[in-house]
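Let me begin by presenting the structure, written as structure tokens, before commenting on it.
Starting from 1, each residue takes its place in the sequence as its number. Note that this is a predicted model, so its numbers are computed, not measured.
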Amino acid sequence: MRLAWATDIHLDMTGDTINKVQSIANASRDADAVLITGDISVSNMILQHLSMLEMTLEKQIYFVLGNHDYYGSNFGTVRRAVNDFCRSSSYLKYMSSVSFMRLSPGVSLVGHDGWYDGQNGNSHSNALLMNDWIKISDFNAALRGAFGGQILNKRVIIEISCKLAQQAANHVANGIKAVAKDSNHIIVMTHVPPFKESFNAMEKYVGMSVNDVLPWYTCKLMGDTLLAAAKAYPHIKFTVLSGHAHSHYDDDLLNNLNVKVGRAIYGNPQLASSISI
């Protein structure tokens with residue numbers, strides 16, 4: 001079985017979306033299914049773009065959402081809309097709403113949108129302002145009393161982020177537990193890279209230290225969950241797929257734990273890799 005993997009395709013940023021989606025379809029023509037690890041679009045266009053992917057690719061599409069997919073709305077509204085939309089689809093599978101999917105005998109897929117948790121690096125640094133905190137209404141509480149969004153309550157941001165990250169880690173842990181008995185390979189999809197070792201995109205943040213950026217581009221809670229699972233089930237191969245950083249990474253953190261981050265370019269969606277199972 002061959003899987004095509006894409007991430008951070010940002011279809012809202014393409015000048016010719018139909019042709020860009022067709023290029024993804026052409027590149028994944030020989031694949032049995034497509035995996036997308038978030039940042040597909042923005043909230044007011046996400047259903048339109050999911051529909052376009054479904055009609056053009058005409059094969060199973062397993063996906064999670066990224067931070068951009070919530071821009072202009074909130075987590076609950078977008079997740080409900082996407083979940084409802086996928087119920088009437090033969091091809092679209094939103095991994096945050098299911099415990100797991102069986103891809104083939106012995107191979108299972110688990111996933112969740114995920115979120116950064118501020119636990120790696122210096123989360124109290126003011127060097128980096130995430131658009132998430134302005135464009136996703138769940139973070140409004142961190143902006144109350146702020147003038148023009150220039151003053152942010154980092155404590156509130158971290159509290160919200162940790163809650164989202166823990167929800168994602170729990171979902172993935174439960175999914176792994178559900179399939180561990182019958183799997184020799186588990187693929188985990190999430191948007192935010194779980195490990196600080198996999199972040200190598202500092203060329204975009206000139207003048208900042210890596211500790212300024214790590215809190216918002218990694219998730220220690222998810223990383224700890226995956227490390228624990230890999231150690232608890234040494235007979236299972238774990239492949240972790242993520243995006244968010246737009247930079248390529250592919251390495252084994254343990255003998256049975258391979259971690260990948262997909263490269264992406266705004267306005268030019270393409271496959272990050274293909275995976276044979």
Side-chain angles (χ1 to χ4, degrees), residues 7-8 10 12-13 37-44 64-79 112-169 190-226 242-249 259 261-267:
T7 191
D8 299 82
H10 294 284
D12 57 301
M13 297 185 181
T37 48
D39 276 7
I40 297 166
S41 186
V42 289
S43 68
N44 66 341
V64 297
L65 299 178
N67 51 318
H68 280 245
D69 295 310
Y70 297 104
Y71 281 12
S73 187
N74 59 74
F75 294 102
T77 298
V78 173
R79 285 177 177 170
H112 196 281
D113 306 347
W115 202 255
Y116 44 74
D117 60 1
Q119 294 192 30
N120 289 319
N122 179 14
S123 60
H124 295 283
S125 167
N126 292 317
L128 182 61
L129 171 68
M130 296 292 285
N131 283 328
D132 307 352
W133 308 332
I134 308 298
K135 295 187 176 184
I136 303 174
S137 63
D138 297 79
F139 290 100
N140 283 353
L143 301 174
R144 288 173 187 164
F147 178 75
Q150 297 303 307
I151 300 172
L152 291 163
N153 188 329
K154 281 292 187 68
R155 179 185 60 80
V156 173
I157 288 171
I158 294 168
E159 285 178 359
I160 295 170
S161 296
C162 283
K163 182 177 180 180
L164 292 166
Q166 188 65 68
Q167 178 188 45
T190 190
H191 182 61
V192 175
F195 303 101
K196 63 182 180 180
E197 291 87 349
S198 65
F199 180 76
N200 59 358
M202 282 307 296
E203 68 275 3
K204 297 191 298 183
Y205 300 100
V206 178
M208 298 185 196
S209 75
V210 67
N211 282 330
D212 294 333
V213 183
L214 277 176
W216 322 117
Y217 278 85
T218 60
C219 181
K220 187 176 185 297
L221 284 167
M222 182 68 80
D224 289 348
T225 294
L226 294 172
S242 62
H244 193 45
H246 287 215
S247 60
H248 173 78
Y249 179 86
V259 179
V261 181
R263 188 185 305 279
I265 301 172
Y266 286 120

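Qualifying side chain to side chain contact (heavy atoms under 4.5 Å, CB included) partners for I265, counting only residues two or more places apart in sequence or in other chains: N268, Q270. By the salt bridge (charged side-chain N to carboxylate O under 4.0 Å, His left out) test, R79 pairs with D113, sequence neighbours left out. Under the rule for a ring pair (Phe, Tyr, Trp, His ring centres under 6.0 Å), the partners of H191 that lie at least two apart in sequence or sit in another chain are H244. Listed by chain and number, the residues in a ring pair (Phe, Tyr, Trp, His ring centres under 6.0 Å) with Y266 are H10, H246 (sequence neighbours excluded). Checked against salt bridge (charged side-chain N to carboxylate O under 4.0 Å, His left out), E197 has no partners two or more places apart in sequence or in another chain. The salt bridge (charged side-chain N to carboxylate O under 4.0 Å, His left out) search around K220 returns D224, not counting sequence neighbours. Residues satisfying the side chain to side chain contact (heavy atoms under 4.5 Å, CB included) criterion with V210, sequence neighbours excluded, are F199, M202, L214. Residues passing the side-chain hydrogen bond (donor to acceptor under 3.5 Å, both in side chains) test with D132 are N67, Y71, Y116, sequence neighbours excluded. Scanning for side-chain hydrogen bond (donor to acceptor under 3.5 Å, both in side chains) contacts around N200 gives S247, with sequence neighbours left out. Taking the side-chain hydrogen bond (donor to acceptor under 3.5 Å, both in side chains) definition, one finds that S137 meets it with nothing, sequence neighbours left out. Taking D12 as the reference, nothing meets the side-chain hydrogen bond (donor to acceptor under 3.5 Å, both in side chains) condition, with sequence neighbours excluded.
Judged by distance alone, with hydrogens and angles left aside, the side-chain atoms of T218 form no donor-acceptor pair with the main-chain N or O of F195 at under 3.5 Å. Checking side-chain atoms of T77 against main-chain N and O of S73 turns up no donor-acceptor pair under 3.5 Å. Looking at D39, its side chain does come within 3.5 Å of a backbone N or O of H68 through a donor-acceptor pair.
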Chi angles and distances behind the ring-ring contact (aromatic ring centres under 6.0 Å, His included) call for W216, W115: CA-CA 8 Å; W216 322 117; W115 202 255; 10.0 Å; no

Full working for ring-ring contact (aromatic ring centres under 6.0 Å, His included) between F139 and Y70: CA-CA 12 Å; F139 290 100; Y70 297 104; over 10 Å; no

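Between V192 and Y217 there is no side-chain heavy-atom pair separated by less than 4.5 Å. Taking the side chain as every heavy atom from C-beta outward, P193 and M222 never approach each other to under 4.5 Å. Contact of the S242 side chain with the P194 side chain is registered, since non-hydrogen atoms from C-beta on lie closer than 4.5 Å. Side-chain contact between L65 and V78 is present, with at least one heavy-atom pair separated by less than 4.5 Å. Inter-residue side-chain proximity for N126 and K154 is flagged as met; some heavy-atom pair is nearer than 4.5 Å.
Of the inter-residue distances, the one linking I160 atom CD1 with F75 atom CZ reads 8.5 Å to the nearest 0.5 angstrom. Taking CD1 from I134 and CG from L129, the interatomic distance works out to 5.5 Å, rounded to the nearest 0.5 Å. Expressed to the nearest 0.5 Å, how far NZ of K135 lies from OG of S43 amounts to 10.5 Å. Atom CG of N74 is separated from atom CG of N140 by 9.5 Å, given to the nearest 0.5 angstrom. We find the CG-SG distance between L221 and C219 to be 5.0 Å, quoted to the nearest 0.5 Å. Rounding to the nearest 0.5 Å places CG of D212 at 7.5 Å from CG of L128.
Between H112 and A168, the shortest heavy-atom distance links the atoms ND1-CB, 3.3 Å. Nearest heavy atoms, T7 versus G243: OG1-CA, 3.4 Å.
Pairs engaging residues 64-77 under the salt bridge (charged side-chain N to carboxylate O under 4.0 Å, His left out) rule: none recorded [sequence neighbours left out].
Remark: R155 engages E159 in a salt bridge, criterion side-chain N to carboxylate O under 4.0 Å.
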